[in-house]
Amino acid sequence: MSVSIKSAKEIDLMREAGRRLEIVHTKLGEFIKPGISTKDIDRYGEELIRGLGCIPNFLNYNGYPASICVSVNDEVVHGIPRTDHILQEGDIVSLDAGLIYKGFHSDAARTYGVGEISKEAQQLIDVTRESFFKGIEFARAGYHLHEISAAIGAYAESFGYGVVRDLVGHGIGTSLHEDPQIPNFAQKRRGIKLVPGMTLAIEPMINAGRYDVCWLDDDWTVVTEDGSLSAHYENTVLITDGEPEILTLNTMR
């Protein structure tokens with residue numbers, strides 16, 4: 001395993017990539033409403049990314065056909081936007097987006113309610129987001145990678161939720177996916193020691209039911225096996241000498 005340590009100049013570029021991606025997510029969040037198609041979201045997202053002078057890093061990545069992964073209800077991740085998939089009142093929708101700024105990647109995901117949603121759906125969204133923050137309490141130099149994993153999993157599982165096993169977070173930099181892999185559940189080993197300059201995409205994927213998932217025939221869309229709702233929350237995080245810096249979020253909360 002080779003984990004890249006970014007220089008001060010590279011960190012500045014990643015910081016800017018993250019700042020621009022946060023703008024995209026903020027505007028996408030404001031765009032979500034009943035009656036729009038998942039393809040509308042993708043088109044708007046790509047327009048935003050390119051309007052900021054960046055490149056959508058998901059588009060054509062290993063053949064993925066869109067700029068924004070749009071996953072609705074029981075879709076966990078990598079949902080392919082479609083003109084005939086219309087958001088309905090009460091749905092939840094996860095948006096995973098990333099961009100390239102001057103050769104450096106950022107990656108982040110958010111889950112939104114569409115109009116009025118159930119208390120159960122809102123709790124899943126909130127717990128998934130909070131599990132990220134429980135995890136990054138250990139995203140500090142001197143801690144070990146899998147302390148992040150264990151904290152995320154323990155918090156989500158305390159609500160009876162299933163923490164997806166088949167998909168994990170990852171390092172990020174000049175490539176969208178770099179070492180190390182970052183599970184969202186406890187591991188038997190501690191993992192690597194964290195050092196300043198590491199940049200990590202930490203992304204809990206949490207199901208309201210069991211953790212089991214399966215892939216649809218498009219070979220991209222991942223869904224919960226039991227049909228339960230799923231939520232996704234992700235940020236690009238910089239390991240520093242002190243508090244972790246969330247590059248795709250202005251404030252810690």
Side-chain angles (χ1 to χ4, degrees), residues 1 3-6 11 14-15 17-19 21-22 25 57-58 69 71 76-78 94-99 104-111 124-158 161-173 175-187 189-207 211 222 230-240 242-253:
M1 182 190 299
V3 179
S4 66
I5 307 300
K6 277 68 176 184
I11 289 168
M14 289 204 65
R15 195 175 277 128
R19 188 188 72 82
L21 182 56
E22 182 180 19
H25 266 298
N57 51 11
F58 293 178
C69 296
S71 307
V76 181
V77 286
H78 305 157
S94 298
L95 307 182
D96 193 355
L99 57 77
F104 284 83
H105 292 253
S106 55
D107 189 5
R110 308 281 187 264
T111 301
L124 176 66
I125 293 171
D126 294 343
V127 169
T128 301
R129 185 178 191 275
E130 183 62 22
S131 72
F132 166 87
F133 288 100
K134 295 297 184 186
I136 66 162
E137 289 177 11
F138 299 92
R140 298 165 174 267
Y143 283 88
H144 287 80
L145 182 69
H146 293 159
E147 292 180 87
I148 299 172
S149 306
I152 290 170
Y155 184 75
E157 287 170 353
S158 74
Y161 293 149
V163 180
V164 174
R165 261 63 171 166
D166 295 75
L167 302 144
V168 297
H170 51 92
I172 185 170
S175 297
L176 176 57
H177 292 106
E178 299 183 351
D179 286 334
Q181 291 195 342
I182 309 167
N184 295 304
F185 50 95
Q187 304 292 295
R189 303 182 68 177
R190 295 188 302 170
I192 60 170
K193 183 177 280 190
L194 301 174
V195 301
M198 288 180 174
T199 44
L200 309 173
I202 299 169
E203 51 177 321
M205 290 157 274
I206 310 298
N207 300 342
Y211 64 70
V222 181
S230 187
H232 185 196
Y233 188 79
E234 175 185 21
N235 283 299
T236 300
V237 177
L238 170 69
I239 304 300
T240 73
E243 293 278 333
E245 182 179 344
I246 307 176
L247 302 182
T248 46
L249 191 66
N250 265 331
T251 55
M252 281 291 284
R253 296 281 169 155

(message) Rounded at 0.5 Å granularity, tell me how far CZ in R189 sits from OG in S149.
(response) 13.5 Å

(message) Any carboxylate oxygen within less than 4.0 angstrom of a Lys/Arg side-chain nitrogen, looking at K6 and E245?
(response) no

(request) Would you please name every residue forming a ring pair (Phe, Tyr, Trp, His ring centres under 6.0 Å) with Y155, sequence neighbours left out? (result) F159

(request) Apply the side chain to side chain contact (heavy atoms under 4.5 Å, CB included) test between N235 and each candidate in H25, E22, R110, R129; give the one that qualifies. (result) R110

(request) Look at the side chain of T236 and the backbone N and O of T248, then say whether any donor-acceptor pair between them is shorter than 3.5 Å. (result) no

(message) Would I5 and M198 count as a side-chain contact (heavy atoms from CB on, under 4.5 Å) here? Give the steps.
(response) CA-CA 5 Å; I5 307 300; M198 288 180 174; 3.6 Å; yes

(message) When you measure from the side chain of S106 to the backbone of A17, do you find a donor-acceptor pair of N or O atoms at a distance under 3.5 Å?
(response) yes

(request) Please assess I192 against D179 for the test side-chain contact (heavy atoms from CB on, under 4.5 Å), listing each intermediate value before the final yes or no. (result) CA-CA 11 Å; I192 60 170; D179 286 334; over 6 Å; no

(request) Please confirm whether the backbone N or O of H232 pairs with a side-chain atom of T111, one donor and one acceptor, at under 3.5 Å? (result) yes

(request) Take I206 and V127 through the test side-chain contact (heavy atoms from CB on, under 4.5 Å) and record every step on the way to the result. (result) CA-CA 9 Å; I206 310 298; V127 169; 5.5 Å; no

(message) I need the D96 CG to F58 CZ distance, nearest 0.5 Å.
(response) 4.0 Å

(message) Quick check against the 3.5 Å criterion: does H78 have a side-chain atom that pairs as donor or acceptor with the backbone of V222?
(response) no

(message) Closer than 4.0 angstrom, basic N to acidic O: yes or no for R165 and E157?
(response) yes

(message) Using modelled atom types and a 3.5 Å cut-off, is there a donor and acceptor pairing between side-chain atoms of N184 and backbone atoms of E203?
(response) yes

(request) Sequence neighbours left out, what passes ring pair (Phe, Tyr, Trp, His ring centres under 6.0 Å) with Y233? Give chain and number order. (result) F132

(request) For H177, check ring pair (Phe, Tyr, Trp, His ring centres under 6.0 Å) against everything at least two apart and list the hits. (result) Y61, H170

(message) Checking L145 against Q187 for the side-chain contact (heavy atoms from CB on, under 4.5 Å) test, could you report, in this order, the C-alpha distance in whole Å, the side-chain angles of both residues, the deciding distance, and whether it holds?
(response) CA-CA 10 Å; L145 182 69; Q187 304 292 295; over 6 Å; no

